[in-house]
Amino acid sequence: MKTYCFSLITLVFLSVFSVKAQSLSADEVLQKAIAFHDPSGSWENLKTSFKVVMETPSRPERTSIIRVDFPKQEFSLDVQQDGNSYAYNFDKDSCEITLNGSEDISEEEAEKFRLNCERGNFMKDYYTYLYGLPMKLKDPGTHLDPKVQKKTFKGKEYLVLNVTYDSEVGTDEWYFYFDPSTYAMEVYQFYHDESKNDGEYILLEGLEEINGIKMPKTRAWYVNKDDKYLGTDTLEKI
């Protein structure tokens, strides 16, 4: 009898919780997710360094050191892979590139390693976007669907936010999956054209605290269409 009563109470609690979670707006879910990942509001004034190790099938391991100083508008990326190293350094609008410690880079080397400031800006946006989630979903040009979706992904139920962007910001459509009890971000997914089931999904596991911000420890990338594994990024403190 006691077991039955306990089970009934648990079921009622979960039902009430589910209804409460479903009644939240997209803005409220996002605010709760930001409160989980960045409880002290550190992102806007972040000044820190961290390392990201990327492992991909049939390619050498890549180690990237990222340094950011948002108040000074500074960003640097130092990459080591397959015996070579290159770096981008941005100070406001200025851009400097080095290869194996030298600024003297031939056209052939620049083409081989894709070294140009346009590529550097892309990498800056890439790292600050991914490691700034979900806080970056408050940026201008971001459109949050007001409806909170409820989806089951890989056997777990999530609260899901649908996000699109102004064309000059990005053309992909994104879905962000949050644990309904903690509001931790555990999956995100994007499509170039959802009707074609293209794009990728990214599974997030573990947390690494960087300057008070709870960032996903690992990101494993897969293709939406056939679940093909693409690689894993692992975040490490310096």
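- L235 and V53 are assigned to two separate hydrophobic clusters, defined by single-linkage of ILVMFWY side chains at heavy-atom distances under 4.5 Å.
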Item to check | Stepwise side chain to side chain contact (heavy atoms under 4.5 Å, CB included) test for K237 and I210 | outcome: CA-CA 7 Å; K237 288 183 179 180; I210 305 292; 3.6 Å; yes
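- In this structure, S25 contributes its side chain and E28 its backbone to a donor-acceptor pair below 3.5 Å.
- With respect to W174, the ring pair (Phe, Tyr, Trp, His ring centres under 6.0 Å) criterion is satisfied by exactly one of Y191, Y129, Y201: Y129.
- Hydrophobic clustering of Ile, Leu, Val, Met, Phe, Trp and Tyr side chains at less than 4.5 Å, counting indirect connections, keeps Y175 apart from I202.
- Across S49 and R67, no two heavy atoms sit closer than the pair OG-CG, 3.1 Å.
- Residues S102 and D104 bring no donor and acceptor atom of their side chains to less than 3.5 Å of each other.
- What you find for M185 and P216 is that their closest heavy atoms are CE-CG, 4.4 Å.
- Under a 4.0 Å N-O distance rule, the pair D179/K156 qualifies as a salt bridge.
- Note on ring orientation: taking the six-membered ring where Trp is involved, the planes of F75 and F90 are tilted (angle from 30° to 60°).
- Counting heavy atoms from C-beta on, the side chains of N100 and Y86 never come closer than 4.5 Å.
- Proximity of a side-chain donor or acceptor of T171 to a complementary backbone N or O of S167 within less than 3.5 Å is not detected.
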Checklist entry - So E194 and N224, side chain to side chain contact (heavy atoms under 4.5 Å, CB included) or not? Walk me through it. => result CA-CA 10 Å; E194 190 169 356; N224 284 325; over 6 Å; no
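- A donor-acceptor distance shorter than 3.5 angstrom exists from the side chain of E109 to the backbone of S106, with no hydrogens or angles considered.
- Looking only at atom types and distance, the side chain of E200 has no donor-acceptor partner in the side chain of Y222 under 3.5 Å away.
- Checking side-chain atoms of D38 against main-chain N and O of G41 turns up a donor-acceptor pair under 3.5 Å.
- In this structure, R219 forms a cation-pi arrangement with Y131, its terminal cationic atom sitting closer than 6.0 Å to the ring centre and no more than 45° off the ring axis.
- In this model, a donor atom of one side chain and an acceptor atom of the other lie less than 3.5 Å apart for D233 and W221.
- N121 places a side-chain N or O within 3.5 Å of a backbone atom of C117 that can act as its donor or acceptor partner.
- Side-chain contact, E186 with Y158: a donor N or O sits under 3.5 Å from an acceptor N or O.
- Although no hydrogens or angles enter the test, the distance criterion places no donor-acceptor pair under 3.5 Å between the side chain of H192 and the main chain of G199.
- Y229 places a side-chain N or O within donor-acceptor distance of the main-chain N or O of T232, the cut-off being under 3.5 Å.
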Checklist entry - So N45 and F70, side chain to side chain contact (heavy atoms under 4.5 Å, CB included) or not? Walk me through it. => result CA-CA 6 Å; N45 296 298; F70 289 158; 6.0 Å; no
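- For the residue pair N162 and E173, a side-chain donor N or O sits within less than 3.5 Å of a side-chain acceptor on the partner.
- Residues V160 and V187 share a single hydrophobic cluster, defined by chaining ILVMFWY side chains whose heavy atoms lie under 4.5 Å apart.
- Using modelled atom types and a 3.5 Å distance limit, the side chains of S42 and N211 yield no donor-acceptor pair.
- The ring of F36 has its center no closer than 6.0 angstrom to the ring center of Y183.
- Around the CG atom of D226, the shell of radius 6.0 Å holds more than 12 heavy atoms that belong to other residues, nucleotides or ligands.
- Between E157 and K150, at least one side-chain nitrogen of the basic residue sits less than 4.0 Å from a carboxylate oxygen of the acidic one, meeting the salt-bridge criterion.
- A donor-acceptor pair under 3.5 Å links the side-chain atoms of D193 to the main chain of S195, judged by distance alone.
- Salt-bridge formation is detected for the pair E208/K217: a Lys NZ or Arg NE/NH1/NH2 atom is positioned less than 4.0 Å from an Asp or Glu carboxylate oxygen.
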